[in-house]
Amino acid sequence: MFEHLVETIRDQGQGVRAWETCALEAATAVGDKPDLAAPYFLLGAAAGRFVEMHFGEPLTSEKAKVQFDRFEAFALKLSNAFSGDDETQKLKALNEVATGLLNFGK
Amino acid sequence: MTISAFLDKALIAEIVANMLLEIEAVHFRSDKPYMFTSGLASPVYIDCRKLISYPRIRSTLMDFAASVILRDAGFEKFDAVAGGETAGIPFAAWIADRLSLPMQYVRKKPKGFGRDAQIEGDLKEGSRVLLVEDLTTDGGSKIKFCEALKRAGAEVTDTIAIFYYDIFPDTPAKLAAHGLKLHYLATWWDVLEVCEKKGHFDEQTLKEVRSFLTDPLTWSGNHGGVTEIAS
């Protein structure tokens with residue numbers, strides 16, 4: 001469901017520009033898919049946070065991979081929750097990802 | 001202030017390379033490569049922002065920048081100087097001061113709406129603006145800042161960076177396609193030459209650096225990065 005955001009980052013080289021494209025894609029999806037607005041908003045916020053923290057800074061390939069893996073995990077968690085009909089699971093996934101954003105990108 | 005000393009470009013480049021090494025703005029690391037915004041893996045990183053904290057160095061650098069612009073672009077070529085957010089701003093301010101010109105800065109993203117949404121400061125319609133940034137890798141950010149200035153009514157034909165990576169042969173042509181001529185003070189090749197001459201860093205590190213500078217896409221691909229830069 002949200003794998004396309006992960007693919008955008010992966011396919012465009014995982015540098016800050018790739019994350020920037022992902023953030024824009026997620027922001028657009030918030031408007032295009034209102035039933036999935038909350039997960040797209042959180043994923044967009046994660047990508048945006050990465051860009052803010054690392055634009056113009058000495059980002060190592062190692063750190064880029066760690067954050068990419070974390071983002072992929074967020075996307076998978078939200079995909080699994082929002083693929084079903086259990087609203088409790090959806091809310092749980094949103095809260096877990098939101099909490100994870102607190103130290104995302106560092 | 002009048003600029004009247006015009007040093008040889010090679011001498012400027014050597015002095016600037018020495019300055020950057022002296023303040024430890026140059027970082028070489030091949031075991032844990034850096035990643036550029038494009039996804040390129042690199043053993044080199046330069047922090048030109050450190051220059052602002054060294055008054056003697058920055059003053060000399062700004063004299064160099066002004067002299068290069070006056071000599072290579074012209075004495076009456078510009079009506080204003082604009083810095084690209086963020087690191088270009090202080091250098092633009094000092095260059096504007098040296099050239100006795102108005103200054104603006106260009107935001108990375110628009111604030112609000114309207115054709116001036118990315119420009120801070122007063123910009124007159126038709127102004128011939130010199131764009132300033134701290135460094136240039138593939139020219140991508142310069143093109144974006146240039147487009148923002150043009151949308152606001154400026155004419156932009158020249159840009160200057162303190163440091164130019166000079167690792168992608170098509171960068172000048174890419175900038176020229178947007179009507180931009182690049183001026184700069186030093187490149188990685190100048191830094192490498194000083195390092196090799198003065199024994200900065202060990203031989204293996206310098207070998208990796210030279211390998212990267214010679215063929216950055218191959219080096220990047222071999223170290224987990226992209227093998228082509230998206231346009």
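A note on names: the letters A, B, ... follow the listed sequences, proteins ahead of strands, and every chain is numbered from 1.
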Check the surroundings of atom [atom1] in [X]: do more than 12 heavy atoms from other residues, nucleotides or ligands lie under 6.0 Å from it?
X: B/Glu24; atom1: CD; answer: no
X: A/Gln89; atom1: CD; answer: yes
X: A/Lys90; atom1: NZ; answer: yes
X: A/Phe68; atom1: CZ; answer: yes
X: A/Glu52; atom1: CD; answer: no
X: A/Glu96; atom1: CD; answer: yes

Sub-4.5 Å side-chain heavy-atom contact between B/Phe36 and A/Arg17: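 No; the side chains remain at least 4.5 Å from each other.
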Test item: A/Thr60 and B/Arg29 side chains (from C-beta on) under 4.5 Å apart, heavy atoms: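 Yes, their side chains come closer than 4.5 Å.
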Side chain, backbone, both or neither of A/Gln12 within contact of chain B (heavy atoms, under 4.5 Å):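 Backbone only.
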Carboxylate-amine/guanidinium proximity below 4.0 Å for A/Glu57 and B/Arg49: yes
Spatial distance of atom OG1 (B/Thr37) from atom CH2 (A/Trp19) [nearest 0.5 Å]: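 It is 14.5 Å, given to the nearest 0.5 Å.
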Closest contact, heavy atoms only, B/Tyr34 versus A/Ser61: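 Shortest heavy-atom contact: O-OG, 3.8 Å.
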Where B/Met35 and A/Gln14 come nearest, the two heavy atoms and their spacing: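 B/Met35 and A/Gln14 have their closest heavy atoms at SD-O, 3.2 Å.
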